[in-house]
Amino acid sequence: MQRVFNFAAGPAALPESVLQSAAAEMLNYGQTGMSVMEMSHRSSDFERIIEEAEADLRQLTNMPDDYEVLFLQGGGSLQFAMIPINLMKNGKADYIHTGSWTKKAIEEARRYGDVKVLASSEDGNFSYIPDCSDLPVREDADYVYICENNTIFGTKYCELPYTKGKPLVADLSSCMLSEPLDISRYGLIFAGAQKNLGPAGVTLVIIRKDLISDELPVFAPTMLSYKTHAKAGSLYNTPPCYNIYMLGKVLRWIGELGGLEAMKVRNLEKARLLYDFLDGSSLFKGTVRKRDRSLMNVTFVTGNADMDKKFSAYAEARGLVNLKGHRSVGGMRASIYNAMPIEGVKALVSCLEDFERENG
Ligand SMILES: *Cc1c(COP(=O)(O)O)cnc(C)c1O
């Protein structure tokens with residue numbers, strides 16, 4: 001069986017060289033005589049793995065020293081709770097609503113405090129990003145929350161919101177390290193690894209040190225305090241060791257390809273190929289306002305659910321898999337994260353062209 005081009009939204013394709021390198025080290029990592037899966041998280045070998053991953057991340061992102069890097073568990077979804085539990089000092093937070101993932105984040109935050117929705121694109125089925133240049137941010141809001149790339153709806157902020165001095169908290173689960181970013185503009189960034197960073201099971205959190213609270217509400221478990229993990233260098237308890245090792249390999253792969261500038265060039269080229277096709281197509285069309293289009297998740301439809309289904313099956317027969325759109329949007333979604341090679345996107349465009357010729 002040949003490997004396919006996997007357009008899944010997450011867990012998603014990993015760089016082939018990363019998988020090969022992990023396979024080569026599976027039974028014997030370095031000179032240890034054991035797999036990384038069998039290794040103590042307190043061993044010097046594992047310490048080197050986690051320290052190198054953090055150092056590579058800091059270097060790739062040019063991270064300022066006043067930020068802490070945490071490797072946590074619980075996925076992006078646990079951050080929906082950890083963020084309000086740790087960051088709500090006044091019990092108030094302001095959210096921008098751009099789709100399913102902010103809906104969940106808002107609902108979760110409402111369990112812990114007073115949440116105001118500053119702007120929403122729900123009126124357009126989340127096909128655009130609302131204007132965030134002059135938001136009614138509350139004087140005493142503890143933070144402003146966004147989902148920077150909306151995995152399901154295929155939108156992305158082309159400009160960060162103006163938060164009037166409040167810390168910006170951002171869910172970068174599906175766009176982290178797809179292009180250069182200015183960490184100093186954020187108070188907290190988080191990303192589940194399974195989209196762009198590695199296998200599912202580790203969640204990356206980057207937090208400005210002054211936002212790490214000493215005191216949490218009494219109900220909050222020790223494990224849900226950022227302080228617990230910051231103090232212990234993400235080794236308070238057993239971390240997801242193998243996932244951190246894989247994430248480290250992905251970071252090294254990004255570095256070898258030229259870092260985040262190179263990722264951006266590569267991702268722009270891939271996205272342009274696909275969007276240019278969609279803009280010229282008589283059968284398929286993109287679902288998102290042009291300026292807000294994601295580089296990572298490209299959503300499109302024919303306008304006919306049966307035709308959409310027929311296309312997904314047609315593509316699958318050519319080894320282009322997981323193109324079915326999320327159930328809440330329908331149509332198709334091609335997730336073209338860092339690891340998707342340009343050959344995969346070219347194969348998809350050819351497939352779209354052929355299908356259009358045969359069915360247009
Ligand atoms: C996938 C995803 C999540 C949820 O991640 P889990 O790790 O499954 O909890 C949250 N936000 C965004 C933007 C995502 O794409």
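Side chains are part of it too, since the values below use all heavy atoms of this structure and drop only hydrogens, waters and symmetry mates. As the structure lists them, so they are numbered: ligands from 1, and atoms in each ligand from 1.
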Original post:
atom 8 (O) of ligand 1: which of Gln194, Gln73, Gln79 has the nearest heavy atom?
Top reply: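 Result: the heavy atom closest to atom 8 (O) of ligand 1 is in Gln194.
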Original post:
Does ligand 1 have a heavy atom under 4.0 Å from the side chain of Ser173, from its backbone, from both, or from neither?
Top reply: side chain
Just jot down the ligand 1 atoms closer than 4.0 angstrom to any heavy atom of [X], in number order.
X	answer
Thr151	12 (C), 13 (C), 14 (C), 15 (O)
Lys195	1 (C), 2 (C), 3 (C), 14 (C), 15 (O)
Gly76	5 (O), 6 (P), 7 (O), 9 (O)
Gly75	7 (O), 9 (O)
Cys147	13 (C)

Original post:
Between Lys164 and Asp134, does at least one N-O distance fall below 4.0 Å, as a salt bridge requires?
Top reply: yes
**OP:** Classify the side-chain pair Glu68/Tyr226 by whether it contains a donor and acceptor separated by less than 3.5 Å.
**Re:** no
Parallel, tilted or perpendicular: ring planes of [X] versus [Y], cut at 30 and 60 degrees:
X	Y	answer
Tyr112	Phe219	parallel
Phe311	Phe355	perpendicular
Phe80	Tyr145	perpendicular

